Amino acid sequence: RHSREGRCMTDDVGTAAAGSAEGFTWESILRQACKTRLHGSQAKHLIVLGDHSSGKTSLVHKLQQDQESTTIHAGLAMDYSYIDVSDETDDDAPTGQLIHVWTLGDRSHAHLLKFALKPKRLPNSMVMIVLDFSAPWKLMQSLKHWLSVLEEYIEGLHLPAEQMQELQKQCRLRYQGYRESQEQTADASNAAGTTPEPAPTPGVGESPARRNNLTAGTAATTPAVEENDVLVPLPEGVLARNLGVPIVVVCNKVEIQDLNKQFGLSDGMVDYIQQSLRRVCLQYGGGLVFCSAWKESNVEVLFDYVAHHLLGRPLLHRFQLASRDILFVPCGWDSPDRVNIDFESQRVCRDPDVPFENVVQPPPSVAVTLAQEAQPTAPVTAAEDDQEFLRKLKAKIDATPLSPPTSVRRAEVDEEQKKQNLLQFYRMLASGGPRLGGTHGTKRGLPAKCATPDALKTAPLLAGIASSPSPPPASAPTTPDPLLLGRPPLAASADAAASLPHDT
């Protein structure tokens with residue numbers, strides 16, 4: 001593009017003429033020219049708002065007419081690009097201008113608007129709200145949402161009263177200063193007995209070079225307001241919400257035939273939609289454009305309208321209502337009376353008080369999906385601040401008394417439990433085991449499966465240990481505890497075995 005070529009030319013000149021004073025002079029001039037275009041005091045800014053998947057990035061790409069790049073990269077939160085409107089066809093023309101384009105991702109990134117629409121940029125800014133016409137039942141909701149976001153942001157700037165009044169005055173002059181010079185041409189032609197030249201069809205058969213030659217041809221409007229001009233008072237309801245910044249509402253993906261086949265969208269419904277949108281645009285003094293970035297229809301009209309408001313170029317296109325796909329309603333042409341006349345001519349709904357959503361409803365297949373998406377979700381729990389959480393945790397730890405480590409306490413408990421379990425097991429064996437019902441085939445209540453000769457021999461010994469846990473007196477000869485030594489004494493075992501009765 002021209003801007004990139006300018007930067008490359010700057011580097012080439014600076015490198016080739018680094019050893020001469022003339023080279024440094026040209027390098028300084030070129031760098032200053034590039035700096036003026038990019039960061040001039042009168043830099044123009046286009047703020048693009050719209051929901052996710054409304055086609056904002058594709059539309060900006062078509063406005064740029066960048067034939068070198070075929071890949072479209074969408075930004076995550078806020079994307080920056082620019083539109084070069086320099087006149088490349090005329091070498092003697094002054095340095096062109098750039099329109100800085102700021103594209104906001106979606107509704108969740110509305111807080112980033114402060115980085116694009118700064119207070120000092122308001123006089124040189126324009127807001128473009130992109131709506132997705134492929135889902136017509138969402139148009140009004142999306143438009144009102146972004147208008148409320150813009151209104152809340154501008155009110156939150158707390159601009160001085162003088163500055164805000166001046167911005168609102170400029171918006172009123174844009175509406176009141178709209179003139180159709182084509183009507184004057186028609187009157188002059190009728191007086192001379194000639195036929196006026198028909199206005200070109202917007203967006204059809206136009207060359208991309210036309211945008212670089214915006215001063216050619218006859219202007220359709222005269223945006224400047226002369227001192228002697230008598231301004232007509234604003235109709236009731238027009239600019240009722242004057243935000244002090246020009247607005248254009250762009251319905252993207254306007255493909256009537258495809259929508260008619262897919263959702264059964266009739267021409268009468270399209271007329272009702274555009275008339276409802278025109279009512280809202282009049283309240284904010286905004287223009288309305290129907291286009292399709294995919295089919296590249298009416299994109300040139302949109303560029304012409306943006307350049308007209310931001311750069312003061314003549315508006316080359318007249319209003320267009322006959323063709324529904326390429327509708328164009330500039331600010332200042334429309335009025336409440338015209339909307340009412342068109343509104344009464346359509347048969348879908350003639351009551352302006354009926355909500356838009358009650359008239360334009362989604363088809364049954366889409367309504368089910370929307371109902372599922374509208375179901376309430378689990379409430380989101382806000383995470384506590386990290387420092388506050390750590391502060392509470394430290395206070396809780398400080399209030400807890402010191403104690404041995406858990407691993408040490410657990411080891412002590414396990415060891416004591418093992419001793420108790422082992423002692424209980426030996427006592428059970430010494431007492432003859434559990435007594436089961438009946439003593440048939442057993443001695444002293446032992447189970448039948450334990451009534452073996454070896455068990456019968458050791459049972460009295462274990463019973464004696466359980467019944468006499470304390471050691472005998474010191475005067476009597478003592479026998480070492482067989483359980484502690486790991487083996488029974490031979491003498492004691494022999495005497496105990498001899499004293500056992502034998503079955504015959």
Side-chain angles (χ1 to χ4, degrees), residues 1 3-4 7 35 37-66 68-85 97-133 135 138-139 141-159 167 243-253 284 286-287 289 291 293-294 299 302-303 305-307 309-311:
R1 291 192 55 82
S3 58
R4 290 197 293 268
R7 287 194 293 271
K35 182 178 180 181
R37 296 182 62 201
L38 292 175
H39 308 287
S41 59
Q42 298 298 325
K44 309 302 179 180
H45 300 269
L46 179 63
I47 315 301
V48 183
L49 309 177
D51 293 340
H52 181 68
S53 300
S54 60
K56 303 183 298 295
T57 305
S58 301
L59 189 59
V60 172
H61 182 74
K62 295 300 180 181
L63 290 175
Q64 292 173 327
Q65 283 287 333
D66 191 353
E68 300 177 3
S69 176
T70 57
T71 305
I72 302 176
H73 300 282
L76 296 178
M78 174 173 284
D79 191 17
Y80 169 80
S81 57
Y82 63 90
I83 300 175
D84 190 354
V85 293
Q97 291 179 286
L98 297 180
I99 298 178
H100 304 270
V101 182
W102 307 84
T103 305
L104 201 62
D106 52 25
R107 302 185 182 188
S108 60
H109 302 125
H111 61 282
L112 299 177
L113 195 60
K114 60 184 178 180
F115 297 104
L117 193 60
K118 298 181 179 180
K120 62 180 181 180
R121 295 178 180 175
L122 287 176
N124 301 307
S125 299
M126 183 178 187
V127 177
M128 178 190 298
I129 300 178
V130 182
L131 306 179
D132 185 4
F133 203 85
K138 295 182 179 180
L139 291 175
Q141 178 184 2
S142 178
L143 176 59
K144 291 183 177 180
H145 167 78
W146 286 111
L147 287 174
S148 63
V149 169
L150 181 62
E151 187 172 2
E152 292 176 1
Y153 170 75
I154 294 179
E155 290 179 355
L157 294 178
H158 302 292
L159 299 175
L167 293 174
L243 303 183
V245 59
I247 300 173
V248 56
V249 178
V250 181
C251 290
N252 193 19
K253 305 180 184 179
Y284 292 87
V289 181
C291 68
W294 178 61
V299 177
L302 177 60
F303 175 85
Y305 190 69
V306 171
H309 278 280
L310 289 180
L311 305 178

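Excluded from the calculations below are hydrogen atoms, water molecules and symmetry mates; all remaining heavy atoms, backbone and side chain alike, are included. What you see is a predicted model; the values in this text were computed from it and never measured.
- Partners of R121 by salt bridge (Lys or Arg N to Asp or Glu O under 4.0 Å), not counting sequence neighbours: none found.
- With hydrogens and angles disregarded, a donor-acceptor distance shorter than 3.5 Å links the side chain of S148 to the backbone of K144.
- V101 places none of its side-chain heavy atoms less than 4.5 Å from the side chain of Y82.
- Looking only at side-chain heavy atoms (C-beta outward), S125 and K44 stay at 4.5 Å or farther from each other.
- Side-chain contact between H100 and Y80: present, with at least one pair of heavy atoms (C-beta onward) separated by less than 4.5 Å.
- A 4.5 Å side-chain heavy-atom check between T103 and M78 finds every atom pair outside the cut-off.
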side-chain contact (heavy atoms from CB on, under 4.5 Å) assessment of L122 paired with L157: CA-CA 11 Å; L122 287 176; L157 294 178; 4.1 Å; yes

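- Between I47 and A116, the shortest heavy-atom contact is CD1-CB, 3.8 Å.
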M126/V245 under side-chain contact (heavy atoms from CB on, under 4.5 Å): CA gap, chis, key distance, verdict: CA-CA 6 Å; M126 183 178 187; V245 59; 5.6 Å; no

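- Across all their heavy atoms, C291 and V250 have their closest contact at SG-CG1, 3.5 Å.
- Listed by first and then second residue, the salt bridge (Lys or Arg N to Asp or Glu O under 4.0 Å) pairs that reach into residues 101-118 are D51-R107, sequence neighbours excluded.
- Across L112 and A77, no two heavy atoms sit closer than the pair CD1-CB, 3.4 Å.
- The main-chain N or O of A293 is found under 3.5 Å from a side-chain atom of N252 such that the two form a donor-acceptor pair.
- Side-chain contact check for I99 versus H45: every heavy-atom pair is 4.5 Å or farther apart.
- In this structure, the side chains of W102 and V48 stay at 4.5 Å or more apart for every pair of heavy atoms.
- Between the side chain of Y153 and the backbone N or O of L117 there is at least one donor-acceptor pair closer than 3.5 Å.
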Criterion side-chain contact (heavy atoms from CB on, under 4.5 Å) on Y284 and V249, from CA distance to verdict: CA-CA 10 Å; Y284 292 87; V249 178; over 6 Å; no

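- The shortest non-hydrogen separation linking L59 to V130 is CD2-CG2, 4.1 Å.
- Looking only at distances, a side-chain donor or acceptor of K56 sits under 3.5 Å from a matching main-chain atom of G105.
- The minimum heavy-atom distance between L104 and A110, with the atom names listed, is CD2-CA, 3.7 Å.
- How far CH2 of W146 is from CD of Q141: 12.5 Å, rounded to the nearest 0.5 Å.
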Residue pair V306, M128: steps toward the side-chain contact (heavy atoms from CB on, under 4.5 Å) verdict: CA-CA 9 Å; V306 171; M128 178 190 298; 4.0 Å; yes

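- Atom OG of S54 sits about 11.5 Å away from atom NZ of K138, to the nearest 0.5 Å.
- Note that SG of C251 and CG of L131 are 4.5 Å apart. Values are rounded to the nearest 0.5 Å.
- For the pair L159/P119, a side-chain contact is recorded, criterion being any heavy-atom separation below 4.5 Å from C-beta on.
- Pairing each heavy atom of N124 with each of A43, the nearest pair is CB-O, 3.4 Å.
- Heavy atoms from other residues, nucleotides or ligands lying under 6.0 Å from NE2 of H52 number 12 at most.
- Considering CG of L46 and CG of L98, their distance stands at 13.0 Å, rounded to 0.5 Å.
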